[in-house]
Every structure is written in C-alpha cells, then in structure tokens.
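A short worksheet on the structure shown next.
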Amino acid sequence: MSTNEPNIEEKYDFSAIQDRWLGIWDKLAPFNTADVPDDAPRKYVLDMFPYPSGDLHMGHAEAFALGDVLARYWRGQGFSVLHPIGWDSFGLPAENAAIKRGIDPREWTYQNIEQQKTSFRRYATSFDWSREIHTSDPEYYRWNQWLFLEMFNKGLAYRKDSPVNWCPNDQTVLANEQVVDGRCERCGALVTKKKLNQWYFKITDYADRLVDDLSLLEEGWQSKVLSMQRNWVGRSNGADVTFEIEGRAEPITVYTTRPDTLFGATFMVVAADADLAAELVAEADAETRIKFQDYLEEVKKANDIERQATDREKTGLFSGRFAINPVNGEKLPIWISDYVLADYGHGAIMAVPAHDQRDLDFAKAFDLPIRIVVDTEPVDGADAVVDPAESGIALPGAGKMINSGKFDGLTKAESIPAIIADLEERGLGHASKNYRLRDWLISRQRYWGTPIPIIHCGDCGEVPVPSSELPVRLPESAGLDLQAKGASPLGAAEDWVNVPCPTCGKPAKRDSDTMDTFVDSSWYFLRFLSANSEEVAFDVNEAKKWAPVDHYVGGVEHAILHLLYARFITKVLHDLGYVDFVEPFTALLNQGMVLMDGSKMSKSKGNLVEFAGELDAYGADALRVTMAFASPPEDDIDWADVSPAGAAKFLARAWRISKDVTTPSGSIADDGDRALRRETHRFLADAPALIESYKFNVVVARLMELTNVTRRAIDSGPGAGDPAVREAAEVLATALNIFAPFAAEDMWANLGFPAPVALVRWKDADPSLLVADSVTAVFQVNGKVRDRVDVAPDISAADLEAIALASEGVQRAIGEGQIVKVIVREPKLVNIAIKA
RNA sequence: GCCGGUGUGGCGGAAUGGCAGACGCGGAGCACUCAAAAUGCUUUGUUCGAAAGGACGUGUGGGUUCGAGUCCCACCACCGGCACCA
C-alpha cells in the first residue's frame, strides 16, 4: 500500500486532506497497544469517558483535543502510550429518553455511541479502539458485581435503614454528593428525606487516607481540586467528652473541637431529630412531651434549604433534664434544638455561648447564662474585649484560659492537650476526629444500571450470588414499566426476581435495585488494561505495567464525586492486593468550560455552538488548534473570543512550507542556514517542558513563530532549497502532529515520508545550535532601559560595563547625576544606579 | 464565616526577580482585483511631540531590591469549594 501518493492540491484543503488520511489510518491502526514489549517506556493517558447522550459537544472537543495532545506528544518522545476510550453508558438520561419514546434504553444508548464514535474518528483522536468498553455491557458490569461482592465480603458493602436523600422527580435516592444546595444535581427538584433500607459502601473507613494521601498528589493535581477534596471529607480534630446525666444510667458523649472552653459550657443541646431527644423527654411532664412532638413535626417539615439558612432564628425547648460538667461538676440544663445535627458527631453538643456564635444566639434567645473562659484579643481594632452577652458577638479566638480552675493561664495550644489528658485519666473523654463525609449510598431504584448481586432469603438473609453465576444480567426492558414510581422496575420482572436461595434452595428474591453509575466509573481505568478478558476484571500484571494513569483529563465538575470514589475504590483494590498503588491518577488536567458570549451554551439560551457544524466549517485540525491555543487549559474558553478561521490560516501557512521545500529528503541539515536551524532547535529544546506543564497555548505560539521564520527564510532568506528549511519543515510536521494530525500527516507525505507521522520520534535538540552568535544587552539607568547593544555572548563583565557607560542613551540619562553603583549581569544586562 | 484561586492593551493571552504586552484575534493603511472575498505586506498599550526623544503603564496602597507583573504586608473586586459540621 502506498501511503504517500502525490498530493494534487496546490492549496491547503482541509476536507480533501481529511478524506485522504482517514481510511489509511483505519488500515494502519497506529495506536493499537496490543503488542508492547515488556521493557518499553510507557504512559497511560486517559480522558474521562463520555456519557453518550447525543453527539459530542464543544466541551468534549476541548477535553479530548487536550488529552490527545498529551498522548501524541509522549509517542513522539518514544513512549508506548495507552490511550483508550469507552462509554459511561448506564444512567438515567437513557432511561428517561426510553420512557419518553417508548423504546429500549439500550437502543437509544447504543445509537448515540455510534454517533459519538463516528465523530471521534473524524476528530482524529488517537485511541486504541481494540480496548473499547461499554459499562452497560454484561461483559463490563459483571465486574461491577464482582467488585461489589469483594467489598461485601470485606464488610465494605452493607445495608442499613437510614434517612436518605430522595428526589421526588426522578423517584430515586441520591448520594450526598448528588445533592447541590438542597436540590437534585440532575433535575433541580427539591430533595426530601425518606427513611429507606439501602446499600452503602463504607467510604468513611477510608476518610483519613483520602485526606492524607492528597499529599501524594500535590505535584500533579491543581491545589483547587485538592482543597475541594479536603473540604468534602471535612475532617476536624477535637475530643469526645462524656457527661453524666441525672436520672439516666448511660452518660451522653459530645464531640467538641474546643475542649479548652469546657469550663464555659453552660448548657447542652441535643438534636431534635436524634433518638436521644425523644428518649430524654419520654419521662418529662405532659406539656413538655406535647411541645416536643409539635417541635419535631415542625423540624421534619423543613427542607434542607430552609434548614441550612444560617441567619434563621434559633428555636428549641428545654428537655427537663440535666447533665453534669465533668470538669467542674456543674449542672447543665439539656435543651433540644434543630441547630444541632443528628448525624454529625454524637447528635449532641456542649454549648459554650461566650465562644461560639450559634450557642450565643441560642443562649440569648432563651436567656441562658454566658461565661467567658478564654481571654481573647479584642477584635477589629476595638480597645477592649466586649462582653458577648452585651454585643451578641461570640469570641471564637485564641487566648489564655480564665475561670477554668487549675488550667487558668494556659494558652489554647497548651490547654487542649492538657484538658484531654485530664479527661482521659478520669475516663471521661479522649481525643477524637470527626468527618463531614458520609458513607456512599449506592442503591438506585431504576432500571438502567448494574443489578446488585444479592439474593434475599427469608432464612439465610443476604446471600451473595455465586461468582460462577455472574453476571446477573438485566432482564429485558420489554414488558417492564420503567416509569419512575419509587420502587425499582426490576422488582416487577417476576421470572427474574424470583430465584431459589443459593444456600438453602428455598424460594428467595433478587435484590431489585441497581448500582449508582459512579460505581461503574470508579474503576473503569483498570478495565481498559484487560478490556476483553473474560477471566478477570483486569490483569494484575497489566496494572503493574500501565497503571496508575499518568495524565487524567476531564472537567473540574468531577473534582469531588467521581475522583473521590475512584480514589476510594483504588485504595480498596490496593488493600485487596489487586494493585500496588494507592492513587489512581498521578496527574490531573482539569480543562475549563467552552462558553459562548460569556455563558454556558444551551439550546434554550440560543447560544449553542454545535460540534458537527464547527467540524464541517473549519475541520478537525483547526478546531483542535483553536482549543489548544485559546488559553491555558484550566481556563474557560469563550467561543466568541477565539478564531478557528485564524487557526486554519496558520495551518495553511505551515502546510504550504511542506510544499515549497525543494531539498530532497536525506540532505545534511548541518550545511543549512544557521539562524533558521537555531530557531528550529530552540523549539525542540523548549517544547517538552512546555507540553509537560500543559502550556499548550504557548507551544502553538512557538509553532507559529517557527512557521513565520521558515516562511521568511524561504521568501527573503536562504531560499526553499536550503537544507535548514527542510529540517524546519520536518520538525513542524512531527510537532504539529500533536495538535493537527491531518495537516501534519499531509505535510509529512509532501516531504516524502510514509505515514504515520504520529509514530515518528521527535528530533533531539542540538545543544551546539542553542548558543546564539550575539545577544542583545540591555542598559538601564535606575532600572529604566536607556539603550540596547548587540554583544558577543561571552563578553566579559568589564567590557560590557565599559560599553554601557560609553553608550549615548546611558550618558543622556545620567546627565549631571552621580553614579552610585553599577550592576553587571553579562552578557544581557547592565544597570547603573545614580543619584540626581 | 472558613479554605482556595484569579486580577496584564479593544479581546484571548505571553513573560527562570532583568527589554512588559511573545503569539494570535480585532482595528487601521497599502498591494493584488473592474469590484468584493481570499491572500500578502505595514502598523496598532496610553499620552506629549513635526521628529529626535520623553512621561505614564500589569486591581489599590505600602515594603524588600541596583531592578518587581513576578517576592513580602495590608486592602479592593471577581470566581470556586465548604458551611447552624460543634
């Protein structure tokens, strides 16, 4: 097969070029990684796999362009690069579309996949298609079930009754991570609470490691994402303190981050919706019991948005009971309120109104005592500390302890360990940590997901499906009512749901819920390593060779959810002995969004830019260059501010150089024009560091510069026959390949080489060419540039100083002034400090 | 409230403490054309000046330094995360 047929076009014609190479690339399959030698240097470059809803959009166009730049770059550096693609193809939109149109979710999903696949091919993404995966295939989701059972056997998957987030619109439960501002992340409906029996993954067991291991990612992840992850886990350090309760055998434990304020506790508060509150008032007088019932009703009615409003008035009631402060034996009234949360800490707090704003608000509302126990600095430039009882402003700052018995005089830093030690000695408390993170709720009451591989038996309880019977396939959707109704549609598939118990053989029922699709995506990067294996989820040895992922590319909208789950599952797989690393993604590139006229694109706003339309108008190369050149990758791109036509113009200029070269291939570049060669090799020397630090926009700018100087060399320099021009053109083709694969391939063919240019190793920079013949020295007077002179790069400090002092511009600037000091940084700078 | 980030021409953006504005978009002028588009060339931070040449200029105010967009302190604005989390 001849891959370098002569090009007939005399002008850059992106659509002819695309047509010419697509078919050839299909046959060459240059990105297949089936037979990589064991000792080959490797990189794993992965884009977050797409959810196949309709065609690709401009956001995909950016993310996948950038991922492809990295994959192609490392190939050019001689690495074997794994750059796979798959489809996150389970999930609600397919189901909703299916309901709306009365078709199988499978049909809708796999049609969209075909469309996106076609678009990816036209976009020249360098995927290894032999490893393609679909999470909605039984061949994939059986390994979700395998993972679930591994976790079930380790006690990391469990079922519990708990109030859960419920989306009344989608009629399914939601993970905490899917509730944003009290609303369903997907549809925006107000989320309510519902008490349900649901499956959880025990991510809280890994809370400390999920925070601590972030330090391993400081090199490769944006600090923004690290802090988002840290915030989400929400670890706080403090102490558990035990309070005896009058008339109750069991004491109550509270969690506090300020044990140093223990002497300032003047009451205790129990969360209204905690079981403890109901128990405490059970023996109270009738009036209190009725008041409590009314209050509890009120609290339950409030949705999260109302409840979370921080400027709400404090409400509550006295329980009639008292606690004993362990440090001073004082009797503290126990109050009940909804400002304390039932599911954080122990659902009860010690209230220190002088030093906590919330407690102070409550104390003032119910006229409770306020006692200062920390001598804080005055705030906001005030002369003296104002009594919180007067000002209504609590004093949360640090200071020396007062009114605290034997602890008086200690600073906050000293007193916290001292008090904890004292409590510990007396068995009344200990240091403790708390987390905002909750266990990951993974059950969903919907059809289009992975069936949970558990059989419920009246006698044996929760029985795992034997691994020989995996996968538990989804029943056909035909005949099932997929309409959201709060119970899984699978429950109605009689033939499917009724099975004998694997243990005792009696009639039993399959679990009819499906898994959260974030389970699918929490380990898919490992499935690519053995995408076609029927024996294992992934081969442990392949994981040793390829994983973890070297570059993970995707939107910052997944900075919490998906990344936290993937990190968690990776640690679980590590503990189970399947992988030898603890973090899945060594480096993370979060590209910004593609906007139009300052806002997110949407059909309803009328500012939608269609991927297919741009592709037709400018071609894949111009689109990819535009994405890379627009801004640093993390920043948003406003499509109104960029110019795909400009990118196309640049590509045409670069392409034309390859047509103009007249030197035959194999000519000796050493004989070529030195100035042009220096530019070429400066590019080769600088490009790797720029790409590896994701400064793609600068690399494109440098390619434009190289194109411009080569053009000038042809038109008004040494001419098209100079070997340096050929060298520049070859470097342009190999480097441009990472941004504009079609144009680069065509240039490579124009220069007489066979496809694919994508597997050509980049030329090394020649260090001897990086030394300039002369450099421009800058002469400053008091830091202002007054003159410039070209000098030899190895000029001595004394010579340079002499030239500077003699220069006309410097003399004029010095005038009558007196020279105080001369700084010489040969060969580039002299700065003369003068006194007027 | 706590934590993190960002502020540079008309616009997107460059700049190991050493020539601010690379590269591009847009604008202006010119060439080619009957004309337009496309393409090419020149020019383009603000301001004073005929020019030569000045002055000013990286959110604001201070500081360190021979020299600051870059480092330090304080502030302002915007963006993001968390938030009655004890």
Side-chain angles (χ1 to χ4, degrees), chain A residues 11 222-236 238-239 241 254-258 261 265 268-269 271 307-312 314 337-341 343-352 355-359 361-362 394 396 434-438 556-557 559-560 625-626 629-632 634-647 649-650 652-653 656 689 695 697-708 711 715 776-788 809 812-813 819-825 828-834:
Chain A
K11 276 197 170 160
Q222 279 187 83
S223 63
K224 173 169 119 171
V225 179
L226 296 176
S227 95
M228 285 164 82
Q229 293 254 322
R230 210 172 278 120
N231 283 342
W232 191 263
V233 177
R235 179 166 68 189
S236 80
V241 184
V254 302
Y255 173 73
T256 178
T257 53
R258 294 294 302 275
T261 62
M268 182 184 267
V269 186
R307 187 166 174 165
Q308 282 167 8
T310 45
D311 50 359
R312 258 169 87 227
K314 293 285 182 287
S337 174
D338 67 346
Y339 87 91
V340 171
L341 306 176
D343 61 352
Y344 184 80
H346 304 282
I349 62 154
M350 66 177 213
V352 184
H355 302 292
D356 183 286
Q357 190 61 46
R358 298 153 302 182
D359 297 345
D361 294 343
F362 193 82
N434 248 297
Y435 306 88
R436 208 193 72 98
L437 184 70
R438 297 282 171 274
V556 76
E557 65 272 19
I560 296 173
V625 168
T626 303
F629 184 55
S631 66
E634 295 84 0
D635 292 357
D636 291 344
I637 297 174
D638 193 325
W639 204 245
D641 292 337
V642 298
S643 171
K649 204 157 86 179
F650 156 61
R653 285 166 61 80
R656 192 153 61 89
K695 294 184 176 181
N697 55 331
V698 182
V699 181
V700 174
R702 295 292 300 273
L703 280 168
M704 289 172 168
E705 282 180 295
L706 184 56
T707 303
N708 292 344
R711 183 79 254 155
D715 291 346
T776 302
V778 174
F779 302 150
Q780 300 177 335
V781 176
N782 283 349
K784 286 187 175 148
V785 179
R786 297 303 178 178
D787 212 344
R788 304 179 170 84
R812 187 170 44 229
I819 297 175
V820 181
K821 195 172 182 182
V822 180
I823 286 93
V824 182
R825 294 279 180 276
K828 280 166 89 173
L829 180 121
V830 177
N831 188 14
I832 299 155
I834 63 163

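Chain naming here is simple, since letters A, B, ... match the order of the sequence lines and numbering starts at 1 in each. Quick note: numbers below take in every heavy atom, side chains included, and nothing from hydrogens, waters or symmetry partners.
To the nearest whole angstrom, the two P atoms, one in U16(B) and one in C3(B), are 30 Å apart. Taking the C1' atom of each, C79(B) and C71(B) are spaced 25 Å apart, rounded to whole Å. The same atom, C1', is picked in C66(B) and in A74(B); the two are 26 Å apart, to the nearest Å.
Under the rule for a side chain to side chain donor-acceptor pair (under 3.5 Å), the partners of Arg702(A) that lie at least two apart in sequence or sit in another chain are Asp686(A). Considering only residues two or more places apart in sequence or on other chains, Gln229(A) meets the side chain to side chain donor-acceptor pair (under 3.5 Å) condition with Arg567(A). For Ala652(A), the side-chain contact (heavy atoms from CB on, under 4.5 Å) test picks out Tyr12(A), with sequence neighbours left out. With sequence neighbours excluded, the residues forming a side-chain contact (heavy atoms from CB on, under 4.5 Å) with Asp635(A) are Ser631(A), Pro632(A), listed by chain and number. Residues meeting the side-chain contact (heavy atoms from CB on, under 4.5 Å) test with Lys224(A), sequence neighbours left out: Gln222(A), Met228(A), Val556(A). Scored by the side chain to side chain donor-acceptor pair (under 3.5 Å) test, Ser223(A) finds no partners at all (sequence neighbours excluded). Listed by chain and number, the residues in a side-chain contact (heavy atoms from CB on, under 4.5 Å) with Thr707(A) are Phe650(A), Arg653(A), Ala654(A), Ile657(A), Leu732(A) (sequence neighbours excluded).
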Between protein and nucleic acid, restricted to nucleotides 77-82 of chain B and to nitrogen or oxygen atoms under 3.5 Å apart, what atom pairs and distances do you find?
residue, atom, partner, partner atom, Å
G81(B), N2, Asn231(A), ND2, 3.4
G81(B), N3, Asn231(A), ND2, 3.2
C82(B), O3', Arg436(A), NH1, 2.8

Below 3.5 Å between N/O atoms, which protein atoms pair up with nucleotides 10-13 of chain B? Just atom names and distances, please.
residue, atom, partner, partner atom, Å
C11(B), O2', Asp641(A), OD1, 3.4
G12(B), O2', Ala630(A), O, 2.4
G13(B), O3', Asn697(A), ND2, 3.2

Each nucleotide N or O in nucleotides 54-61 of chain B that has a protein N or O under 3.5 Å away: list the pair and distance.
residue, atom, partner, partner atom, Å
A55(B), OP1, Arg786(A), NH2, 3.4
C56(B), OP2, Lys784(A), NZ, 3.3

What are the atom names and distances for every N/O pair under 3.5 Å that joins the protein to nucleotides 38-44 of chain B?
residue, atom, partner, partner atom, Å
G40(B), OP1, Arg653(A), NH1, 3.4

N/O contacts under 3.5 Å, protein versus nucleotides 15-18 of chain B?
residue, atom, partner, partner atom, Å
A15(B), OP1, Lys695(A), NZ, 3.4
G18(B), O6, Arg825(A), NE, 3.3
G18(B), N2, Gln780(A), OE1, 3.3
G18(B), N2, Asn831(A), ND2, 3.2

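Aromatic ring orientation, Tyr255(A) versus Tyr344(A): perpendicular (interplanar angle above 60°, classes split at 30° and 60°).
At the heavy-atom level, Asn782(A) lies nowhere under 4.0 Å from the strands shown.
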